[in-house]
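Below is one structure, written out as structure tokens, with a few remarks after it.
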Amino acid sequence: MERLTNIIEAVLFASGKSVAISDIAEKLGVTTGEVKRSLNELKERYGEEGGIQLLMFNNKAQLGSNPVYKEGVSAVLNPIREKELTRTILECAAIIAYKQPVTKTEIELLRGLNSDYAVHALLELNLIYPCGRKDAVGKPILYATTDEFLKRFKLSSLEDLPDYDTLMAAIARPEEDKDSYLYARDEYSESAEGQPAKEEKEEQAAQLKEKEEEKDGGYEIPDFLRGLDDTDIVKIG
């Protein structure tokens, strides 16, 4: 068993990305149960304090760095900029997770707001992807969540999603709860320190557009989003 565990460790390290448990079992000529037992051994081997962690999601496994040591990693590699996302973007992610596959128009009908920027941001972060087109007028694009979405929100599968109302309540938490895992996202960036990033400018423009739409009475704003201003941006992470 120890040899199998070491082989699987080497496979995951060499891959650098997620590998399906079924593929490991098939190629190594073992059962999925044996693979899972080896993965559990790896998880215990690394522990919570180790620099490497074993991630398991959607019947896949992957090696990743421990976020506890992100400051040390950033000091050696590249400057890390925490990407700021609004509750609006989180709300769109939640709607897609529960309603997928879903079109942008359907998202906007549920939110009562334009969602162009939010969908664009989620695509850039690889949290959602175009999964086809709806059999309707115009053949609108359908969106669904990715494996990255599961990793980002620490879910093994979509079945682990919390109750919809509970998730929305978590999204609406006040800014002092920004250390919650919902609000942390580290991304590598080459932009100069203090210089507004392109996506931050786009988000500010999108927020301004939403405020104008609310003022004009064109849309109905969900209760927990009423009163948000530029200071209500929360770090998702």
Side-chain angles (χ1 to χ4, degrees), residues 1-21 24 35-87 89-90 93 97 121-128 145-157 160-162 167 170-171 173-200 203 233-237:
M1 181 61 72
E2 183 177 357
R3 176 175 172 78
L4 176 60
T5 300
N6 291 339
I7 292 174
I8 293 175
E9 180 181 37
V11 168
L12 296 179
F13 178 81
S15 172
K17 57 184 181 180
S18 62
V19 181
I21 293 175
I24 297 175
V35 173
K36 289 180 179 179
R37 283 194 291 272
S38 290
L39 290 173
N40 286 331
E41 287 185 6
L42 279 179
K43 204 164 190 176
E44 292 180 5
R45 180 184 298 179
Y46 296 132
E48 295 183 0
E49 301 299 324
I52 302 296
Q53 285 193 336
L54 178 67
L55 308 175
M56 296 178 65
F57 52 92
N58 205 19
N59 290 317
K60 297 178 182 179
Q62 181 177 354
L63 293 180
S65 60
N66 191 332
V68 172
Y69 308 119
K70 63 182 181 181
E71 293 182 1
V73 173
S74 66
V76 175
L77 300 179
N78 294 306
I80 289 183
R81 173 179 57 82
E82 284 192 342
K83 184 175 182 64
E84 292 184 336
L85 301 176
T86 62
R87 294 172 186 171
I89 296 176
L90 266 183
L122 291 170
L123 286 168
E124 281 197 333
L125 292 172
N126 193 31
L127 297 180
I128 64 172
T145 55
T146 63
D147 285 346
E148 185 65 28
F149 175 90
L150 296 178
K151 287 194 295 182
R152 167 65 184 76
F153 293 104
K154 301 179 181 179
L155 301 170
S156 296
S157 70
D160 294 334
L161 279 169
L167 180 58
I171 291 173
R173 283 177 184 166
E175 188 173 357
E176 56 264 26
D177 288 340
K178 63 185 179 182
D179 289 335
S180 164
Y181 81 92
L182 277 175
Y183 305 119
R185 170 78 188 182
D186 294 324
E187 294 213 336
Y188 293 95
S189 172
E190 300 296 336
S191 60
E193 183 178 358
Q195 180 179 352
K198 178 182 177 182
E199 54 264 43
E200 290 173 345
E203 182 169 353
I233 295 177
V234 272
K235 292 181 180 177
I236 306 173

Sequence-distant partners of [X], side-chain contact (heavy atoms from CB on, under 4.5 Å), two or more places apart:
X	answer
Ile52	Tyr46, Leu63
Val35	Ile8, Ile21, Ile24, Ala25, Val30, Leu39
Leu161	Ala97, Tyr98, Phe149, Leu155, Leu158

Can you tell me how far [atom2] of [Y] sits from [atom1] of [X], rounded to the nearest 0.5 angstrom?
X	Y	atom1	atom2	result
Glu2	Ile7	CD	CD1	11.0 Å
Arg152	Phe57	CZ	CZ	14.0 Å
Glu48	Lys43	CD	NZ	9.5 Å
Lys151	Asn58	NZ	CG	11.5 Å

_Partners passing side-chain hydrogen bond (donor to acceptor under 3.5 Å, both in side chains) against Thr5 (at least two apart in sequence or in another chain)_ = Ser38, Glu41
*Could you go step by step and tell me if Leu12 and Leu54 meet the side chain to side chain contact (heavy atoms under 4.5 Å, CB included) rule?*
CA-CA 9 Å; Leu12 296 179; Leu54 178 67; 3.7 Å; yes
*Working for side chain to side chain contact (heavy atoms under 4.5 Å, CB included), residues Thr145 and Leu150*: CA-CA 8 Å; Thr145 55; Leu150 296 178; 5.7 Å; no
_Going by salt bridge (Lys or Arg N to Asp or Glu O under 4.0 Å), name the residues that satisfy it together with Asp147, two or more places apart in sequence or in a different chain._
Lys60
*Listed by chain and number, what are the salt bridge (Lys or Arg N to Asp or Glu O under 4.0 Å) partners of Glu9, not counting sequence neighbours?*
Arg45
*Quick check: does any side chain N or O of Asn66 sit under 3.5 Å from a backbone N or O of Gln53, one acting as donor and the other as acceptor?*
no
_Tyr69 side chain to Gly50 backbone, donor-acceptor under 3.5 Å_ = no
